[in-house]
Structures are given as C-alpha cells and as structure tokens.
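Start at 1 and go down the list; that is how both ligands and their atoms are numbered. Because the structure is predicted, anything quoted here is derived from the model rather than measured. Reckoned from all heavy atoms, side chains included, excluding hydrogens, waters and symmetry mates.
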Amino acid sequence: MTTIDQIETTLLDLPTIRGHVLSMTTMTCQSVVLVRVLFSDGSVGIGEGTTIGGMSYGAESPEGIKLAIDSYVAPLLEGRDGDDVNGAITLVERLVKGNPIARCAVETALWDGLARRLGVSVAGLFGGATRTAMPIAWTLASGESGRDIAEAEEMIDRRRHRIFKLKIGKRAVADDVAHVAAIARAVGSRGEIRVDLNQSWSVTEARRGLKMLQDVGVTLAEQPIRRDLLGELKALTDSHAIAIMADESLQGPEDALRVAATRAADVFAIKIGQSGGLRRAQEVAAIGRAADIGLYGGTMLESGVCTAASLQLFSTFEALDWGTELFGPLLMREDILSTPIAYGDFSVHLPEGPGIGVTLDDDKVEFFRRDRGKTLHSVAVAT
Ligand code: MUC
Ligand code: MG
C-alpha cells in the first residue's frame, strides 16, 4: 500500500503585473498556499489553495487555509492509503467543516499523486478530456477606462483574449455603466463584454443596472447581488435578457442544488476551490447541466498549480458553454511553473503529462516563500 507520509504547506506571495481593482479591494499581490503530499513510495502530489483579496472575497484567508491544512486536514490523512482519494474526501468532509479551499488544495495533491503513480492525467481519472483548448476570458480591472481599453486592444492584437470581464460595483451605477459602455464601444464586434459585481449591488440597483448593461451590449453579469438572496437573484434572472451567472452563491453541490431547483441563475461559475475540491466541482457541473444551466470555468486568480488542476477537470465537462477565465498565472509577474501553461489563439491549452500536467520551478517557489521574511502579502485595503 502507498501511504500518505507527509503533507507540507508553503505560503507564497506573488506580485501582480498591475493593480487589480475589485469592488471590495485592490490586489497588488496574490498569496497562494502550495501543498505537497509526500507518499511512501517516493511519489509527490501538488495542490494549491488560493482566495482573492485577503478576506474581502470570502471567509477563508491564505493564512487560514494554511492553518486548516497543517492543524486539521494533514493529521487526519497522514498514514492513510494514498490511493483512496474518495475515502480521504469523505473523512475530511466529516471532520473539517467549511474551509472548501483548504480541502480542495489537499484533494488536488491527492489526485495529482494518484494520477502520477498511474501514469495518467487527472482528466484521465475523471473519464478523459473532451477538449484540450478552451476559450479564455481576461479581466479588465486596472480601475481606468482608458487603460482598460488599451489592454483590451493589446489582448485582441496578440490573439490572447477576446472575451473581457469587467470588474465593477465600486462606483455609482451610472458611472460604472458609462465605463462599461466606453469599453464595449471600443471593442465593438471584435470581442464580448461581461461584468462581475462581486455581490456589490443592492437588489434595487441591480434591477436598474442590469437593464442598463443589457442596453450597452453586455452579455453576462456575474453575482450582481448578495450570495444568499437567491429568490431575488431568480427574479432578476427571469426579468432580464442578459445572462446572470452565480459565483459566490455557489459553494458546493448543496448550493448548486438550491440555485438549480428554482433556476435562480442562467450560468454557473465553477471553481474547484469554492466547490470544495474537484469531486464536488464535478457534481456542481452535473447539477447545473441537469437544470439546463450553462457552465463557465471560474478562477480565484490562482497560480499555475490550481489553474492546471482546474483545466484538468473542466476539460472533461461535456459542455463548457461560456468558456473559462483561468488566466491567474498571466496576472502574476512571475510564473512558478517550470513550463508555463500555454495561452494563444484566444484559448488556454490543457497541459499534457501525468497528474495535473505541470511541475514547479523550485527556485521561484523558494524566492516567493513568505517565510523568507519579505513584507509583501495579500491584504484587503480600503479603497
Ligand atoms: C471572481 O469573483 O470571479 C475572477 C476573475 C477575476 O478577475 O477575479 C476573479 C474572481
Ligand atoms: Mg466572480
């Protein structure tokens, strides 16, 4: 039997290429928790737990993810059968409530280790990839319309992205819509414009704002209102032609069932961390499909490790109607993989090879470790 010998975590602070302005905070650095599972036969599996903007997006923080794994998840799993990933998921879910991103990081490393030992990809473990390239969105969030337009132009010219997600919700509704309209006008028929409110609108603002966004040609609005207001989300979905996507409302299969039962949204943003791991994310996707809800491959702006793991799972979905936004590594100044994930032709490409298909650049990992004493890390700043 191959046992789980040790589960190690490392906190990295990765500077971003520019400030990433969200309705809650501005990110200049992304903090990620890297997980390495060491197995008794010498094999190693890697995973990643990452959230956005300190604790401004959700209840988990980078430091909390590390602590949950070190103090609670690792002691449960060390010494167990490394091939029994389903058993590990059941045990951890029984004894560690909440903390979906921490649970996902460890689960990812277990799938990666198992797949590497078997000489197959993680997509192979989930039934095989049905696609190796996926349409890739880019988020325009510099905070300035002119700079966002220049960025969109550059992305189209380089054939890297033509789907743009705009982070709005910080300014008054009319100002935000004017910003979106300016970008939509500049991009025209060369691209598609979507927005993410990150729960920032009141129901009244959303009733008005969604209509205005619809009128300037926006195709999709993500999480316009608070995550728990599912009845109100359904009313907005029913009364607007623009597609409504659930993101923060979806924290695993139970939430997916609640949203699907009333068809409160048109699209699910599937995130492996937020869903509590690859297995549960696969279930979220299945529930969405059963309710005729479109699927989108979401991100928590992760580094290459979680990006690769997410690609492995998303590649197995029967349909990925709205493409994906797994561009996290491109937002970071430096890549921590030995071979970066390939982006091109408006697509992101599934990495080839066993496990999640990527390996770490150990020098980069060493350099960006928080415990080297650098001061830069991801906190929420009031803006
Ligand atoms: C989110 O809320 O979807 C995804 C892209 C981005 O810029 O932020 C994330 C988080
Ligand atoms: Mg979102």
Residue portion contacting ligand 1 (non-hydrogen atoms closer than 4.0 Å) for Leu22: neither
Metal-centred angle, the Mg ion (ligand 2) as apex - OD2 of Asp247, OE2 of Glu222, 10° resolution: 90°
Atom CZ of Phe126: over 12 foreign heavy atoms under 6.0 Å: yes
Those atoms of ligand 1 less than 4.0 Å from some heavy atom in Asp196: 1 (C), 2 (O), 3 (O)
Distance from atom 10 (C) of ligand 1 to nearest protein heavy atom, with residue and atom: Ile52 CD1, 3.1 Å
Interfacing atoms of ligand 1 (cut-off 4.0 Å, heavy-atom, Lys271): 1 (C), 2 (O), 3 (O), 10 (C)
Top protein contact for atom 4 (C) of ligand 1, by heavy-atom distance: Glu325 OE2, 3.3 Å
Arg117 to Phe39 six-membered ring, cation-pi geometry met (6.0 Å, 45°): yes
Numbering as shown, the atoms of ligand 1 that approach Lys165 to under 4.0 Å (heavy-atom distance): 1 (C), 3 (O), 4 (C), 5 (C)
Note: Glu283-Arg279 ion pair, threshold 4.0 Å (strictly below): no
Within 6.0 Å of CD in Glu352, more than 12 heavy atoms from elsewhere: no
Contact check: Glu248 to the Mg ion (ligand 2), N/O/S below 2.8 Å: no
Atom 7 (O) of ligand 1: nearest protein contact (heavy atom, Å): His20 NE2, 2.8 Å
Part of Gln223 with heavy atoms under 4.0 Å of ligand 1, whether side chain, backbone, both or neither: neither
Nearest non-hydrogen protein atom, atom 5 (C) of ligand 1: Thr139 OG1, 3.5 Å
Numbered atoms and elements of ligand 1 in range of Asp247, under 4.0 angstrom, heavy atoms: 1 (C), 2 (O), 3 (O)
Protein contact of atom 6 (C) of ligand 1 - nearest heavy atom, named by residue and atom, plus distance: Lys167 CE, 3.3 Å
Residues which pass side chain to side chain contact (heavy atoms under 4.5 Å, CB included) with Thr3, listed by chain and number, not counting sequence neighbours: Met1, Asp5, Ser40
Residue pair Thr219 / Glu192, side-chain donor-acceptor N/O under 3.5 Å: yes
